[in-house]
Amino acid sequence: MNKKIAVLAGDGIGPEVVEQALKAVKAVEKKFGHHFEYTPAPVGAGAIEQTGNPYPDETHEICMQSDAVLFGAIGDPKYDNDPVAKVRPEQGLLAMRKKLGLYANIRPITAFKSLVHRSPLKTELVEGVDFIVLRELTGGIYFGEPRGRSEDGLTAFDTCTYQRFEVERIVRLAFEYARKRRGKVTAVDKANILATSRLWRETVGQLHAGYPDVELEFMFVDNAAMQIVTFPKKFDVVVTENMFGDILTDEASVITGSLGLLPSASVGIHTSVFEPIHGSYPQAAGKNIANPLGTILSAALMFEHALGMPEAGKLIREACEYSVAQGFVTTDIAAGKACSTSEVGDRIAEAIKN
Ligand code: IPM
Ligand code: MN
């Protein structure tokens, strides 16, 4: 099969971890006799330096014309420490999500069997954890207007907005996923406080009528934050708005042992994007120590969700499991001697070949 893959490596550790994922993708390409065309494009702080725009039009065109986008990370401390910067790398990520219409970010939470003991949580809590978070990705407080500062600079404001159709489309997806999984949806909100959450709750309740076979539970986000690390096995499909989903998935990553392990798929109207849930980790950039597994597993999701090659996705995942079980892991999860980023990538590509 011929496929076009846009490669947006981005900032910080982005290029290193994407390089490892590409090793896996190329191993798959060779093994199955496919032909992939890879088109790199700038995004984030790097793109600001080159063009002044964190998501240049040319990059968007390349994404639109590809079958899938493999994404690394964006962000740079230069901007984090500059509260008045006019353009910020993160705006590139948000622009990409919005322009590609990526309203659903799928974040699977599962632990590698061989790493269960590396989780800070008790082994009996972690063993067998298997849920997905569907995070709404193009609405809410990340995008709402107005936002900004009062003239005297003493007041700042953001706006959380949701329209009914934005809630409907992701909630439907949640019910559909639940049907293919263990048949349970947990809708997380703050309906005791927020008007947007009450719209979510109302919409979820009404759509549930079309999915009577799916069990539905509502949960306030503060309670969900507690239950995710206390009873992680009770979750199957969690659906929630943009910022709650951002926060809860970083929290959920501790179940698996490391933020560096979690992949994600962003799907919606145009080309889907596959990216690890972690950020650009600038302290580690260029040191060859970052965990590439989140990105490699994102490549596995890419084969399943966008390229129509589920067997390739499965193979990558098995290769990851195998190499992790052999102890080829980076310092964030290593019990003994740690491997470098590129070594982990090499081991996994090798496992795919054999
Ligand atoms: C994520 C990241 C981004 C987000 C940042 C980098 C803007 O944390 O993808 O989870 O908040 O969505
Ligand atoms: Mn995040």
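Both counts, for ligands and for their atoms, begin at 1 and track the order of listing.
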Query raised in the report: Between W200 and Y162, what is the ring plane arrangement, given parallel below 30°, perpendicular above 60°, and tilted in between?
Result: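 Because their plane-to-plane angle is over 60°, the rings of W200 and Y162 count as perpendicular.
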Query raised in the report: Relative to each other, are the rings of H34 and F32 parallel, tilted or perpendicular (30° and 60° limits)?
Result: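 Parallel.
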Requested in this report: Give the minimum heavy-atom separation between T295 and P276, together with the two atoms involved.
Outcome: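 Minimum heavy-atom contact is OG1-CG, 3.4 Å.
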**Report entry** Minimum heavy-atom distance E136-T138, with the two atoms named
**Finding:**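 Of all heavy-atom pairs spanning E136 and T138, the closest is OE1-N, 3.1 Å.
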Please say whether more than 12 non-hydrogen atoms of neighbouring residues, nucleotides or ligands are located less than 6.0 Å from [atom1] in [X].
X: K234; atom1: NZ; value: yes
X: K113; atom1: NZ; value: no
X: K4; atom1: NZ; value: no

Query - Distance, nearest 0.5 Å, that separates CD1 of I247 from OG1 of T240 - result: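 Answer rounded to 0.5 Å: 9.5 Å.
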Query raised in the report: Is the charged tip of K233 near the ring of F131: under 6.0 Å from the six-membered ring centre and within 45° of its axis?
Result: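 K233 over F131 ring: no.
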Give one line per pair: atom of ligand 1, protein atom, distance. Only N/O to N/O under 3.5 Å.
| residue | atom | partner | partner atom | Å |
| --- | --- | --- | --- | --- |
| ligand 1 | 8 (O) | D246 | OD1 | 3.4 |
| ligand 1 | 9 (O) | R97 | NH2 | 2.8 |
| ligand 1 | 9 (O) | R107 | NH2 | 3.2 |
| ligand 1 | 10 (O) | R107 | NH2 | 3.0 |
| ligand 1 | 10 (O) | R135 | NH1 | 3.2 |
| ligand 1 | 10 (O) | D246 | OD1 | 2.9 |
| ligand 1 | 11 (O) | Y142 | OH | 2.5 |
| ligand 1 | 12 (O) | R97 | NH1 | 2.8 |
| ligand 1 | 12 (O) | R135 | NH1 | 3.3 |
| ligand 1 | 12 (O) | R135 | NH2 | 2.8 |

Query raised in the report: Is any protein N, O or S atom closer than 2.8 Å to the Mn ion (ligand 2), and if so, which?
Result: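 For the Mn ion (ligand 2), the protein N, O and S atoms that sit under 2.8 Å away are D246 OD1.
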